[in-house]
Each structure stands twice: as structure tokens, then as C-alpha cells.
Protein chains: 2
Amino acid sequence: MSTIAKAMELLEFFSLDRPEIGLSDFHRLARRDKATTFRHLSALESAGLLEQNPATRAYRIGPAVLRLAHMREVTLPRRAGLRVALPRLAEATGETAHASLLDASGLTTLAHHEAPQHSARVVLHESRLPLHATASGIAALAFGDEDLMKRALAAMPAYTDTTARSPEDLQAAVARARASGIAISNQTFETGVTGFAAPLFDSTGIAGAVAVAAVSSRVTPELQTLILTELMNAARTISANWGGTIPPALAAAWAAQAGPETAP
Amino acid sequence: MSTIAKAMELLEFFSLDRPEIGLSDFHRLARRDKATTFRHLSALESAGLLEQNPATRAYRIGPAVLRLAHMREVTLPRRAGLRVALPRLAEATGETAHASLLDASGLTTLAHHEAPQHSARVVLHESRLPLHATASGIAALAFGDEDLMKRALAAMPAYTDTTARSPEDLQAAVARARASGIAISNQTFETGVTGFAAPLFDSTGIAGAVAVAAVSSRVTPELQTLILTELMNAARTISANWGGTIPPALAAAWAAQAGPETAP
DNA sequence: TGTATTGGTTCATTATTCAAACCATTGGTT
DNA sequence: AACCAATGGTTTGAATAATGAACCAATACA
């Protein structure tokens, strides 16, 4: 593992639950030498990627990140394409909606939107989603290449009792998603949460996924139908905003989903 | 220079004008070995901080940056505090308004807003502002500590004929800003652009600056008075949003500015 | 007072980077 | 087709960094 990779790994420990981390915590979390950790943190700080809370001396995300994110968003807009579709999806379904972006090593949560209707709603903590254990991941795998599948198969930790354990289980789930155009995961990542996801495309192909995370006990057949319909609409809108086209096979699968409902 | 610092430096070469950079360009821009540059880029890519454009193989900012920026904004909102004040400042003055955040090595542009009134307006290209050559930098220096001034004096490249060259010139400009509460820079960074800036504060002290960049030929005494008034209002609002307090000396300086106008 | 924990620093050992060469591919010219 | 000048990417021993165990200073707590 390169020095740079080690330093970058430190950034992975930040989350909405843990937005500030001190030297000793980093030392323990990363299981790396304290001196080394300190040097890495200092280097990241002087680059502006981190900054120290003057009061606690704990490290947090620095302002340089804002500049980089702004630049990416100006030249390659992604969040902008969600601005209307994601709140609409959350409101129409009454559940939490989120969209994630596919990169070399998995899915990164781009944005999430919570429905105002229910007091009990799914709150997202993780911003990095595993391919094999989330509806979003399955949706991406269903329309990604074999290389992506290989990376998913490389590491398959079990999060709950129902997380796919074997390559066969995973491939079966992916095949179902490919056939129906929507991935459904029943408590494979977090207990009590059922995930529904549709793939998103940009001009280069599969680019991410849009998903609804619903409280499992609330999912009735009626709600599920509503979620699937809204999810297809949202995915169509977002992919169009991102300059992507829906593959014919997926368009057909979606039409088949909607067909029985809209037929006279 | 540490390996991490070198890798981080690569990120500095991105700008709105140059959002994608290939291996050979990096090799030339950073004046560093091609093999090493490639390893650094690969490491940054596998961390998600960069990604390769599949068509051109050039590198661009990766999706991990969006996740980090989102996290910072949720836990330490800064952009949110500008949402109302910055557009108002641009509209009221008819010129381009922008706000920047102070970090260890200078100012980073957070957001900018262009006035709709004029077809000729200042368009910002640089997201990294030098302390010694911009109104924002002078404003920050006027209310920052000596350490910040030391860093400003360490590197003072000349951008135009009127950029401060000597430490004395800079310290004089800073003293004027400290006395009046507003920094004014006449074409010290870009020719044809006059900058006006006020310091911004958060709970820890000086945190950045809010500025108006005006087309120099359009600046009349009337416009200048308008800009100063609006700038003070904007700075007060934003600092309040950021949880900061205006130092008494600055409040007095601003009152003196406004005083002569509002006196009967 | 003693102890545990914090952030931060030092110095031999070990791993990485450097520079300059080389490969393979692509796009344009003659 | 042959050629040229780019591109991204890889390989080689000599130079230069990174590493980790122990150490230091300050704070908090009992």
C-alpha cells in the first residue's frame, strides 16, 4: 500500500456520525503508527484537505475540498441533475430517497432527501455503499460490465443475516434486477430497511443508482408499486439530466413493470 | 517535500479553465518525474479523489470529493450562510460578488454571484486568491494574526503593475484596510478590475472575506459608496450566519464609514 | 502525588522515489 | 505505407524519503 493510499484512507474514516477525529482516534482506527498518522494528517492539513478544530485540535474536512467539489460540479454537473427529481421521489413515496455515484471501487452517496410525512424514516449514515449488499449496488451491477462484478465478488462482507454470501446468491439477485429493471434488497445492509434502486446512466454508460430506503414494516404491495413507478420516473429524469440514455433492454423491463398497471 | 504533499499539489493544477489534465501535462506542470506522477495519479484515482475520463484518459476531480464536501457542509455549514447575502450583494451593486474562506495557505473561493444588470461583468477564473494582491487578502490580513502576515510576506508575486511589491507597501495597504474596515485594491490582481472586500468571522475569529469585483472604468464615487455600504451589510449577515462576532474596532470603523452619509 | 491520555517529536532501518531509458498506441503528414 | 510526434504507461540501480519504537510535554483525573 502506497503512502498516498494510506493518507487517503484516513479520509474514509470521516462520516456524518464522526465528522471530527483526533490523532489518537486516527491512530486506533487506521491501526497505523501514531507518528506516521500524525505526519499524514499534517500533510493533508497543509494541503487544505483537512483542518484542525482550534478548540479540540481534532481534524475535520478542510476548505480545499469545497473548491474541488465546486470545480467538479461546474464542469461535470451531477448534483444539479438531482435537485428536482430526488425531493419529488422522497415526497411521492413518503420514504427516504438517495442517489449515488459509481466509481472505481463502489458507490458514493451523492445526496439524500428525507420525506417529511413520517417521523420514523430511514436516516443514512454511510456514504460509501457496498455493491453486493445494497439495492443500489445490485442495480449498478445489473447494468455494469463484468469488471464491476469481479470487484463486487472480491469482497463480500455480511452485514445482516440476509446479505448475499455466495457469488451464486449475488448473481441471482443481479439477474433478477436485470430482468425487472429495479433492484430490491430486503434488509441486506441494515435490518429493518428495505431498499429499492434503479440504475442511472451518463454519456459513458452506467454512472450510479437512485434508491428509496423504506422502513421494512411499512412496505405493503401498494407502497411497493408506488415506489417502483416513482423510481423509474426519477431514474429516467436523472439519467436524462446527466446526458445518458436508457439501454433498450432496461426500457423494455420498465415498460413491462408499468404495463400491467396501466393496461385497461 | 513529502510524498503526500506532492500528490496533493497535483490537485492544485485543476481550475475552472483546466478541469481535466492528462499524465504528460501533469508531468510538465508539476515538473516531476513521469513515472512518479503516474503512481501519484493512480493512487489518487483509486481513492476516488480523481477519476479518468474514459474517452480521453485525462484525469479529473473524482466523486469522493463530493462526499467529503457534502460532509463538511452538513457539519460545518459555510455555503449555506451565503445563500441570501451574496446574490443580494451582487444585485444591489450591479457587480460580481464573491466570498472566500481562509485556510492555512491562503484564500479559497467558496462561491461567486454575478449581477444580471451589466453584460460586461467580472468573471472569476481563479479559485485560489493570493493574500497580498487581492482586496479579500488584504481584508483578511487586516484582521488576522501576525502568523498570517508572515505567510503573506513569504511569497509576493507581482500580477500587475500595481501589485504590492515590498513588505512596506503591503503593510500600508493592510493598515488602511484596518482603519477603514474595508480593503480596496485597484487592479492589483487583474487589470481592469477594482476589488472591495470586508473580513468575515466565525466562532474562532477571522474566517474569510466577502468581496465585490467591479469593472474599474465603471467605479464612480457614488458606486463606491454603494458598494461599501452593501459590503458591510453582507459581511455582518454572513459573519452572523457563521457564528462569528465583529471585533469592536471593526464595528467602529464601519460605523465611521457609514456615519458621514447618514448624519443629518 | 501518581497515572493515564492527549498531541507531538526523534533517529536507525526500510521502503519509495528519482531519472532516463524503453513499449505500445494513436492521429496526423508526406 | 512509411514516418513522425504525440500520448499513456513500465521498467531499471542510485538517491531520498517514509517508517515505527521509544520518548517528551501538557493536560485531566483520582
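Below, read A as the first sequence line, B as the second, and so on, with proteins coming before strands; counting in each chain starts at 1. Note that this is a predicted model, so its numbers are computed, not measured.
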About how many Å separate [atom2] of [Y] and [atom1] of [X], when rounded to the nearest 0.5 Å?
X	Y	atom1	atom2	answer
B/E45	A/I4	CD	CD1	12.5 Å
B/L148	B/I206	CG	CD1	8.0 Å
B/T36	B/H27	OG1	NE2	10.5 Å

| message | Counting only heavy atoms from other residues, nucleotides and ligands, does the tally under 6.0 Å from CG of B/D145 exceed 12? | response | yes
| Terminal helix-axis angle for the helix from C/dT1-D/dA30 to C/dT30-D/dA1, with five pairs defining each axis and rounding to 10 degrees | 40°
| note | Numerically ordered, the residues 54-62 of chain B set in heavy-atom contact under 4.0 Å with DNA chain C is none
Could you run down the sub-3.5 Å N/O contacts of the protein with nucleotides 18-20 of chain D?
unit_1: D/dA18; atom_1: OP1; unit_2: B/T3; atom_2: N; d: 2.7
unit_1: D/dA18; atom_1: OP1; unit_2: B/T3; atom_2: OG1; d: 3.4
unit_1: D/dA18; atom_1: O3'; unit_2: A/T3; atom_2: OG1; d: 3.4
unit_1: D/dT19; atom_1: OP1; unit_2: A/K6; atom_2: NZ; d: 3.3
unit_1: D/dT19; atom_1: OP2; unit_2: A/H40; atom_2: NE2; d: 2.9
unit_1: D/dG20; atom_1: N7; unit_2: A/D33; atom_2: OD2; d: 3.4

| request: Give B/R31 one of three labels, base, sugar-phosphate or nothing, depending on what nucleic acid heavy atoms sit under 4.0 Å from its own. | output: nothing
| query | Going through the distances and angles, do B/T3 and B/H40 end up as a side chain to side chain contact (heavy atoms under 4.5 Å, CB included)? | reply | CA-CA 9 Å; B/T3 303; B/H40 290 174; 3.7 Å; yes
Using whole Å, what does the distance between atom [atom2] of nucleotide [N] and atom [atom1] of [X] come to?
X	N	atom1	atom2	result
B/E45	D/dG8	CD	C1'	12 Å
B/L29	D/dT7	CG	P	12 Å
A/H27	D/dA21	NE2	C1'	11 Å
B/E20	D/dG8	CD	P	12 Å
B/D25	D/dG9	CG	P	13 Å

| request: Taking all heavy atoms of A/L101 and all of A/R72, pick out the closest pair and write down the distance. | output: CD2-NH2, 3.5 Å
Is a side-chain donor or acceptor of [X] paired with a backbone partner of [Y] at a separation under 3.5 angstrom?
X	Y	answer
B/S239	B/F201	yes
A/R18	A/F13	yes
A/E114	A/V123	no
B/D169	B/A164	no

| Can you name the residues that form a salt bridge (Lys or Arg N to Asp or Glu O under 4.0 Å) with B/R32, not counting sequence neighbours? | B/E9
| request: Please list, in 5' to 3' order, the outermost nucleotides of DNA chain C lying under 4.0 Å from any heavy atom of chain A. | output: C/dT6 to C/dT10
| Ion pair check, A/E51 and A/R60, cut-off under 4.0 Å | yes
| A/F189: ring-ring contact (aromatic ring centres under 6.0 Å, His included) partners, not counting sequence neighbours | A/Y159
| remark: By nearest-nucleotide position on DNA chain D, the 5'-leaning member of A/K34 and B/S24 is B/S24
